[in-house]
Every structure is written in C-alpha cells, then in structure tokens.
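Just so it is clear, the model here is predicted, and its values are computed rather than measured. A, B, ... follow the sequence lines: proteins, then strands. Residue 1 opens every chain.
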Amino acid sequence: MPGSEAVQPLWGREGGVAVTQRRGYVPQELEPKWQRRWRERGVLRARDDSDRPKFYNLVMFPYPSGDLHMGHMRNYVIGDLYSRFQHMRGMEVLAPFGWDAFGLPAENAAIKAGVHPLHWTRANIARAKEQLDMMGVLFDWDREVTTCDPSYYRWTQWLFLLFLERGLAYRAMAPVNWCPVDQTVLANEQVIQGRCWRCGAPVEKRDLEQWFLRITAYADRLLDDLALLEHWPEKVRVMQANWIGRSRGLEVDFPLVGLDQSLRIFTTRPDTLYGVTFMVMAPEHPLVAAVTTPEHRDQVAAYVERARRESEIERQSTEREKTGVPTGGLAINPLNGERVPIWVSDYVLMGYGTGAIMGVPGHDERDFAFARRFGLSVREVIAPPDGPQGELSAAYTGPGRMINSGPFDGLEGQAAFNAVADWVERRGLGQRATRYRLRDWLISRQRYWGCPIPVVHCSGCGVVPVPQEQLPVLLPETYRKLDQQPDFYRTACPRCGGDAHRETDTMDTFIDSSWYFLRYTSVHDQTRPFDPALANRWMAVDQYTGGIEHAILHLLYSRFFMKVLHDAGMVDQVEPFTRLFTQGMITRHGTAMSKSAGNGVAPDDLVVREGADAGRVYEMFIGPPEEDAEWTDAAVAGPVRFLQRVWRLVAEPETVRVSGQGADPAVLRRRVHQAIARVTADYHDFRFNTAVAALMELSNAMQEYLANGGARGPEWEEAVSAMVRLLHPLAPHITEELWERIGGDGLCVDAPWPVHDPALAAEPEVTLVVQVAGRVRDRLQVQAGLNREQAVQLALASPAVGRALNGRSPTRVVHVPDKLINLVP
RNA sequence: GCGGCGGUGGUGGAACGGUAGACACAAUGGUCUCAAAAACCAUCGUCCUUCGGGACGUGUGGGUUCGAAUCCCACCCGCCGCACCA
C-alpha cells in the first residue's frame, strides 16, 4: 500500500462522505509509519516464556477467496481491538492468524481462469495480508498457518492416522449426499434443506464407499459438555444440542406373522405401545421384500423404486400429503398379542432408529396424518389431565395417564416409561436405547484441492495406512482429479511391497480447521502436530470471535477433535474455546456485503479517503457487534470528525477558541475517571458501540473545558493521557502519533491501561427526579446523599409539585436515593 | 409447524423496573469569512401553549407495579435455526 503519494487532496463530497482538506491530522501519512514501527518492534508477538498471564485471543481464520471488504474486516477489527486492550491490561496475548486454504473456490477459479489453485490461493493471501496491514490489524505473523502447505497438512494426515488407529476413522458403504454440481459427496452438516451448502444444488443420494469419522462415539460428551461452555451464546449451545438430538427410548421386537423374524422398532413413547394400530417400514428397509405378500408385491416394488428416485427435497417436505402402500404383512404387538398391518412409507427414514416404527395415530401427529389418509384405526391410550377424550380429532402428544393399556392403566410420566421398559426387557423383547440425530462425519471428497487421505489400497493387505515416516502424502502439482493421475495413485504397498493403489479422495476442509488453533501454539515444531507442553500453556482459547454461520459445523468438529486429542493424551483441556463471540453481518443497501452483490466497501478506498482509524471507529460505532448492521457511507463522517477533534485537543489545544468561562478542573477530572470506568467495562464486555460514545462524550467534555478557558494543568494532562490510551484499541495509529507528541513512554500499545478512581468519578451533585403519582413534575439539582426526609422536604417545596398535589398530602413516598422521589397522594 | 432473536425520532442506535431518545448521521438557523469549506454554537418525537408549561408517545391489546421500552399473558410483523429424527 503506497503512502502519501496515493493521497489526492479531496474536496467537497465524494461518495456521500464529506472529505475536506486536512491540516494537522493526515492519517494517510501517519498510518503507514506506525504500521512499520509495530512490525519492526515485533508488537504482539507472543512469548512462550513470558511471566504475564496468558490470553489466547483468536479470530476464525478465513478462506482466502479474494479481496476483503469491511464486512470481513469487522471480525478482524474486533479481534485486534481486543488484543491491544488485553495487552495494555498486562496480559501475554497470543493473537495468531492463518488461512483455511484448501477448498472448492480455488478449483472453480482454476477452471474458470486457468490459474493453478495454489497460485490463486497464494495471490489472495498476499492481497488479504496487505489489507489487514493497512487497517492496522496486528497478528503474530511468526505463527502463520496455511492449511494447504505440506508443513501443515502433513500433520492433518498424521491426525487422520491417529483417528484410524483409535478406531475413529472407518470406511463404509452408505447412501451418501452427492452434489452433482460440485461433483463430490457432502457431510450431513453441509446439506441445508436438501441442498448443497456451497452451491445450492439439490443433493442426490448415492451408494458409495466412503471415509467417516466416528463423531457419534462422542455424542454424549459433545452434548453434556455444552454445560461447561457458560460463556458461549445460548443460541449456539441450543443449536448444537438440537443438532446432536439425543433421544432416550426403547427398542421393541414385533414378531412377524408367518416368518421366523421380528421387526425391531425404536420409540421414545413406550407408554403408547397399546395404541399401535399399524407398523411402517422405510422403503429401504431390508425386510420389506420378506414381509410383502404376493398380491402386494408389484405395488410395493413400484413404491420403493419411486422413493429411491425422488430427491431429498421432495422426500423430506412436510408440506406434501403422506404416501405409502400396504405390504400385506402382519406384525404381532408383543404387549397385547394384537396383529397389526405393516405398511411402507417414506416418512420413515432408514437412517434413524431402526428404519421402522410402530404407528400410534392417537398420540403422534405424523402417524395420525397417515392413519387419516389411509383409513387406519385410531386408539386413545393416553388420557390428558382432564380425562379421556373418547373420540380423537387430532393426536394428543402431551403428558397423561395410560388407559386401555391392560396392567399398565393409571401409570404416567417416567413411571409409565419405566414400567413398560422393564416389562419388555424382562421378557427379552427389547431394551432401552439412546439414539442421536447426529450421524458420523463423512469426510471423503472427490476433489483435487484438499488434503490427501493417507492410506493405500492393496489387493492382498486391504486398507493400509501410510507409515508416519512417509508423510506427507504430497498433492501432485498437476491440477487434475487424483483418480486420473496414475503417477499419484500407483504405488507400492507399505506392508507387502506389492502393487497398490493410493486413496484418491481428499479430506473435507473442515478437518483442516478442526485443529489449527492447536498448531498455532507451536507452529514450527517439525516432529509432531503440536507440542503438548505449549498447547497446555496456551489452551484453551480465552476468546474466540467469528461468524454465527459456524455455529454447528466448525465449532462442533473442533470440539470433537479436542476431545479425541485429549483422550490421546496430547492436550489437557476437553473444550477448545472458553468464550465465544459471534459477530453480526455488515449489510449495505439492505444485503450482506459481498463481491457478487457488488456492495462491498473496500478497506483500500476507506483508508485513502478517511484513514484506517476512522473506518475502524465507524465499524465499531455502527451498532452492537453481535447484531447485523447497515453500513451508511455518510455516517462515517461522525468518527472522522471525532478523530479530528481528538487530534486538535491533544496536538493543537491552542487553536481551540475560548468563548466562555467557568471551566472547572475538578469536573474535567471527574469526566475522565467516569470515562475510564465506562470504556474499560464496555471493551471487556464487547460493547464497542457504547465505548465509542463514552469517548465522544469525553472529547466533548474536553472541548467544553478548553472553550470555557480551562488551564492546561495537571488535570488536562491527565485527561489527554487517558483519552489517548483509552482510544488506542479503536484507533491505534492516531493514538501512537499523539502518544509520541505528548512525550509518552515507548509505544502507546505498550502503555499501561488507565485505572479509574471511584472517588474521583463520583458526582457530588445529582438530579433528583420528583414525581407525583408516578408522573415527573420536577427535576432538582441537589447534593448527593440526601436522606428520605430531606428529599421529601425539597420535593414539597417545589411549586410544580404543589400544583400537582393540589392541596392533597402524600400518603405514600417512594424514595430511590440520589435518583428519584415519588409522592403518591 | 416447532425453537430462538428482534420491532424505540427522518436514519444508526442509548437506556441496573426509576428523567425515554445518550452518542452520532441527516436537516434547520447562527458565529466566523469577500465568499465557501472546515470549525464552533443553537434547535431537532408528535400535538397544544398565555412560552411558565401541558397532553400523548418505545409494533397491537390486556395485566402486574407508586412507577414498564424493560416483567407477565395474548396477538401482529420481521429475521435466523430446525424441519416427518419416531
């Protein structure tokens, strides 16, 4: 980024922003200067051997997709602000950065523009770094991580082998999600409403042999440990809990009439077992053909075939009417011996439970709809609190007492569940079971630009892991699908030495990002993924900041990895991120800033026009950081004026025209200490918008002080010093320059954080609000600390109160000391 | 459908159950200037006013309270997540 030569004097209005000649404060000149100094002095390079308490401040690393805009920048400005704040507060801050550099956009760009994914990625990284620099965002670049670099993905492969060794990685044939546009399979988490999360194409089902990670083995811990994450947004915890979707229930075998087999079902409502009037199997259920009687064979075969062909979107729609066909087969309810018909319907999913259900139309909405559609009978077996309804016009799914249930009549709730479950278990008809919505993580990707899965297929030895000393399995330089590159896949079996075939799938890129925060702690270690001692020194991440879009995917996978690595003895902690903050999107003209929408604000333009500091302050002032916010070009003027004013107050106080009198140094001092308290608390709690407001108020108070003839004595010096340091995390460049000019020690970023004195911040006088019957009638300036009687006396003396009381006397008095007095007649 | 979050001036937004609209943007008037910009000062929810002030006002309707933007109930609207998971 060029310095002053890029700056044209801008006059009048440009893009709706008032840009004017600049006198003393020329951000375009001083910003590059301080960026250089920070770099030279190694500011915010984390020391492993520091005595200061550690603070691991992490922002989610990005996919390097091209130019950054101010929407992306919000995340990095928040991160940088927090790093500087914690550093000034005396913490040893670890603030690393890197690039989630494998992935499909690089390949798409390669196809479209004919550039190799690696070159495209490298160019984007260089560009993004430049943009981060120009915004004054500091990271510990000595610890930079790039996931497509062999020095990184070597350890991704190593970790895959660890999972394999621990029985947590396996290969299986399964109906998987296939995206026809991206030409690859997808994990469950990457299918949003039946469509590919990346390109939006409807996902198809295919039977393929693929690699999975056994995340379901950790389902209970991933769910239960959410309770440890008290500093995570409730919303994210709820989303994860729902995603894991633990259900405790009962499996029951229903013997099949005429066959020597049973149909196993899973239910969370054993107390409704007497209400079963039919059974339903998923079309893919292996026993469908066996239960189907000859006269139903054609109809069932046709239905199964049609279900196979339908897309996930069609099948999963709740809107459409239920479909299904009878099989002619019968099952026996083991509780009451009744014979019930077996149907096939696609509302039952093969992938959940046992792929078959018992139909209880009286107490399940879906079963009710199905029964209505096909004229199946409905039976009431759960009575609501106010008694049985007799005829059910809808499924009753609420709590209640068992009825029409033989020996179980009268039981309810957990007792009913247990009685039926015990009965079933004692007779060997089934057992209690826990089921999850969460599925194992499908990680194979049929793409070039990813981390190769380090295994070899040998006709004699089967699947053989690549020995650790042969890692990394390097991605070939030629950009072409790996299964079309014989030089890559032809290899020798590491075990028997015979001809073998390398795995040609690459890993889901979410694997790369599931452990990068550990690599940062010892990025130069050539012997292992990370040094356990250093990981234990820095982990867990104290503050993690990023977008809500990762509420499930990245944050769930990372938690899973952390637990596996903990079990492997590589790290002490069980959760990676202590405190999570999810920032909102920046919109402009009503939609998210993006390249495709063409509404992004480039940091480059902002830096040239207003300076990085004004852009940072505006972006923090725009609204609460956790909420979406609309970028208004004209509104940047506020922060621009604010910084100009701070400059003038600190560097050119003599230019402030005196137009009044009566400046009180004690009042100034009070404002300063109030500001220190507010800004410190606001930064700490991520209330950056009100922190900016508090600093603006302080600048207004300082302006007023000088305009009223205030002396530039010790109180003024204190105000200036506090202002500069409090403002530093928001506007680092201008404050470094001002810090130097006022003769501050060293760099401003290294200066100690100001401490407020509550005694000095206390107001000696307060406004006492006087109400009559809850309505404000007067406001009195009174000395602080008045007692109830004094307050009543003063209130009664007010003429406005006299009018409002109109001769009546108060029967009740509410007194909030130093705030309010309410007289109720 | 279920779950979560939100609805405050022309705009972005403040407000431990206690002065609604902090702080800004925009707008209007003024000081300065040959003029303009910048800077600074003032006004800035709606209606009424004898200019003292008064009434109304935080999506809608109720309720709790001396007092509600804030707590409770019902509803409307918007956004996000899940979506036949038995």
Side-chain angles (χ1 to χ4, degrees), chain A residues 11-12 16 18-23 192-194 233-236 238-239 242-243 245-247 249 265-269 272 280 315-320 322 345-349 351-360 364-367 369-370 435-439 548-549 551-552 618 621-624 626-639 641-642 644-645 648 655-657 659-660 687 689-697 699-700 703 707 767-776 778-779 799-800 803 810-816 819-825:
Chain A
W11 300 83
V19 182
T20 55
Q21 57 177 317
R22 269 126 194 194
R23 291 187 298 268
I192 315 290
Q193 300 185 348
E234 172 77 14
K235 179 192 171 91
V236 177
V238 167
M239 280 169 74
N242 291 341
W243 186 263
R246 179 165 64 195
S247 294
I265 59 93
F266 172 74
T267 179
T268 55
R269 291 294 303 272
T272 64
V280 188
R315 274 189 69 167
Q316 305 256 321
S317 169
T318 49
E319 306 301 312
R320 72 170 194 183
K322 294 219 172 346
S345 173
D346 64 5
Y347 85 90
V348 175
L349 309 174
Y352 184 78
T354 60
I357 60 148
M358 59 182 201
V360 185
D364 182 281
E365 282 168 26
R366 298 151 303 185
D367 297 347
F370 192 75
R435 294 286 178 165
Y436 305 88
R437 195 179 165 284
L438 182 72
R439 310 290 154 80
I548 186 74
E549 66 273 18
I552 293 175
Y618 175 61
F621 188 52
I622 196 166
E626 68 277 14
E627 280 170 34
D628 292 351
E630 169 76 11
W631 182 283
T632 312
D633 295 338
V636 186
R641 282 202 271 265
F642 165 62
Q644 296 275 11
R645 171 177 272 197
R648 210 170 41 253
T655 64
V656 174
R657 192 152 22 116
S659 56
R687 293 187 304 247
N689 54 327
T690 51
V692 175
L695 287 166
M696 286 175 167
E697 285 184 56
S699 77
N700 292 344
Q703 165 77 31
T767 304
L768 186 69
V769 173
V770 183
Q771 296 183 335
V772 176
R775 308 194 61 114
V776 178
D778 206 352
R779 297 179 175 94
R803 274 199 302 279
T811 59
R812 179 169 179 188
V813 175
V814 180
H815 181 228
V816 183
K819 276 253 168 88
L820 168 136
I821 182 98
N822 185 10
L823 308 176
V824 187

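When each of B/rC40, B/rC23, B/rC25 is scored by its nearest atom to the side-chain atoms of A/Ala693, the top-ranked nucleotide is B/rC23. Among the nucleotides B/rC25, B/rC66, B/rA83, the one closest to the side chain of A/Trp243 is B/rA83. When distances are taken from the side chain of A/Arg812 to each of B/rA86, B/rC66, B/rC41, the shortest belongs to B/rC66. Of the listed nucleotides (B/rA86, B/rC23, B/rU19), B/rC23 has the atom at the smallest distance from the side chain of A/Met696. You'll find that the side chain of A/Arg779 is closest to B/rU19, out of B/rU19, B/rC66, B/rC23. Of the candidate nucleotides B/rC41, B/rA86, B/rC25, B/rA86 has the atom lying nearest to any side-chain atom of A/Tyr352. The A/Ala637 side chain lies nearest to B/rA26 when the options are B/rC66, B/rA26, B/rA86. Closest to the side chain of A/Asn822, out of B/rC23, B/rG67, B/rA55, is B/rG67. Closest to the A/Leu820 side chain, of the nucleotides B/rG18, B/rC25, B/rC40, is B/rG18. With distances taken from any side-chain atom of A/Arg648 to the nucleotides B/rC40, B/rA22, B/rC25, the minimum falls on B/rC40.
When the C1' atom is used for both B/rU19 and B/rA14, the distance is 14 Å, rounded to whole Å. A distance of about 47 Å separates the P atoms of B/rA42 and B/rG4, rounded to the whole Å. B/rU11 and B/rA27 have their P atoms separated by 15 Å, given to the nearest Å. Distance noted for atom C1' between B/rA20 and B/rG13: 13 Å (whole Å). Nucleotides B/rG21 and B/rU43 place their P atoms 14 Å apart, quoted to the nearest Å. Taking atom P on both nucleotides, B/rG53 is separated from B/rG59 by 29 Å, rounded to a whole Å. Across B/rC34 and B/rC48, the matching C1' atoms stand 45 Å from one another, rounded to whole Å. Taking the P atom of each, B/rC79 and B/rC25 are spaced 31 Å apart, rounded to whole Å.
One interatomic measurement links the two molecules: CD of A/Gln771 to P of B/rU19, which rounds to 8 Å at whole-angstrom precision. Regarding A/Leu349, its CG atom lies at a distance of 11 Å from the P atom of B/rA83, rounded to whole Å. Here the P atom of nucleotide B/rC84 and the CZ atom of A/Phe266 are 17 Å apart, to the nearest Å. Atom CG of A/Asp364 is separated from atom P of B/rC84 by 13 Å (rounded to the nearest Å). Rounded to whole Å, atom C1' of B/rG18 lies 14 Å from atom CG of A/Leu823. As a whole-Å value, the separation of A/Lys819 NZ from B/rG17 P is 11 Å. Across the protein-nucleic acid pair, A/Asn700 atom CG and B/rC41 atom C1' stand 13 Å apart, rounded to whole Å. To the nearest angstrom, P of B/rA86 lies 14 Å from NZ of A/Lys322.
Listed by chain and residue number, A/Asp220, A/Asp224 satisfy the salt bridge (charged side-chain N to carboxylate O under 4.0 Å, His left out) test with A/Arg246 (two or more places apart in sequence, or in another chain). When the salt bridge (charged side-chain N to carboxylate O under 4.0 Å, His left out) test is applied to A/Arg645, no partner is found at least two apart in sequence or on another chain.
For B/rG54, the glycosidic angle deviates from 0 by more than 90°, giving an anti base. Applying the 90° criterion around 0 to the glycosidic angle, B/rG30 comes out anti.
Residue-level contact check: A/Arg246 touches neither bases nor backbone, having no heavy atom under 4.0 Å from any strand. When heavy atoms are screened at a 4.0 angstrom cut-off, A/Ser247 is found touching the sugar-phosphate backbone but no base atom. Contacts of A/Asn242 with the nucleic acid, taken as non-hydrogen atoms under 4.0 Å apart, are absent. Within the nucleic acid shown, A/Arg775 comes within 4.0 Å of sugar-phosphate atoms alone, with no base atom in reach, counting heavy atoms only.
For B/rC66, the paired nucleotide is B/rG18, the pair qualifying as Watson-Crick or G-U wobble because both relevant distances are below 3.5 Å. Base pairing of B/rC2 is made with B/rG81, judged by Watson-Crick or G-U wobble geometry with both donor-acceptor distances under 3.5 Å. Within the shown strands, B/rC23 is the pairing partner of B/rG12 under the Watson-Crick or G-U definition, both distances less than 3.5 Å. Across the strands present, B/rU58 finds no partner; the criterion is a Watson-Crick or G-U wobble pair with both atom distances under 3.5 angstrom.
At distances below 3.5 Å, not a single donor-acceptor pair connects side-chain atoms of A/Asn689 with backbone N or O atoms of A/Phe621. Distance alone, capped at 3.5 Å, is enough to place a donor-acceptor pair between the A/Thr267 side chain and the A/Arg269 backbone. For the pair A/Ser345 (side chain) and A/Lys322 (backbone), a donor-acceptor distance under 3.5 Å is absent.
No hydrogens or angles were tested; on distance alone, nothing pairs the side chain of A/Glu365 with the base of B/rG1 as donor and acceptor under 3.5 Å.
Toward the 5' end of RNA chain B, the nearer of the two residues A/Val769 and A/Ile552, judged by each one's closest nucleotide, is A/Val769. Between A/Val692 and A/Thr268, the residue whose closest nucleotide on RNA chain B is further toward the 5' end is A/Val692.
In the model, A/Tyr618 has no side-chain atom that pairs as donor or acceptor with a side-chain atom of A/Asp633 under 3.5 Å.
Shortest non-hydrogen contact noted between A/Ile357 and A/Val348 is CG1-CG2, 3.6 Å. Contact detail for A/Phe266 and A/Ser247: the closest heavy-atom pair is CZ-O, 3.9 Å. Between A/Ile552 and A/Met239, the shortest heavy-atom contact is CD1-O, 4.0 Å. Of all the heavy atoms in A/Tyr347 and A/Phe370, the pair that sits closest is CE2-CD1, 3.5 Å.
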> Once each nucleotide of nucleotides 5-14 of chain B is scored for protein heavy atoms under 4.0 Å, what B/S/- sequence comes out, 5' to 3'?
Replying inline: -------BSS
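Rounding to the nearest 0.5 Å places CD1 of A/Ile265 at 5.0 Å from CE of A/Met358.
Contact annotation: A/Arg803 side-chain N/O to B/rG52 OP1/OP2 distance is not under 4.0 Å.
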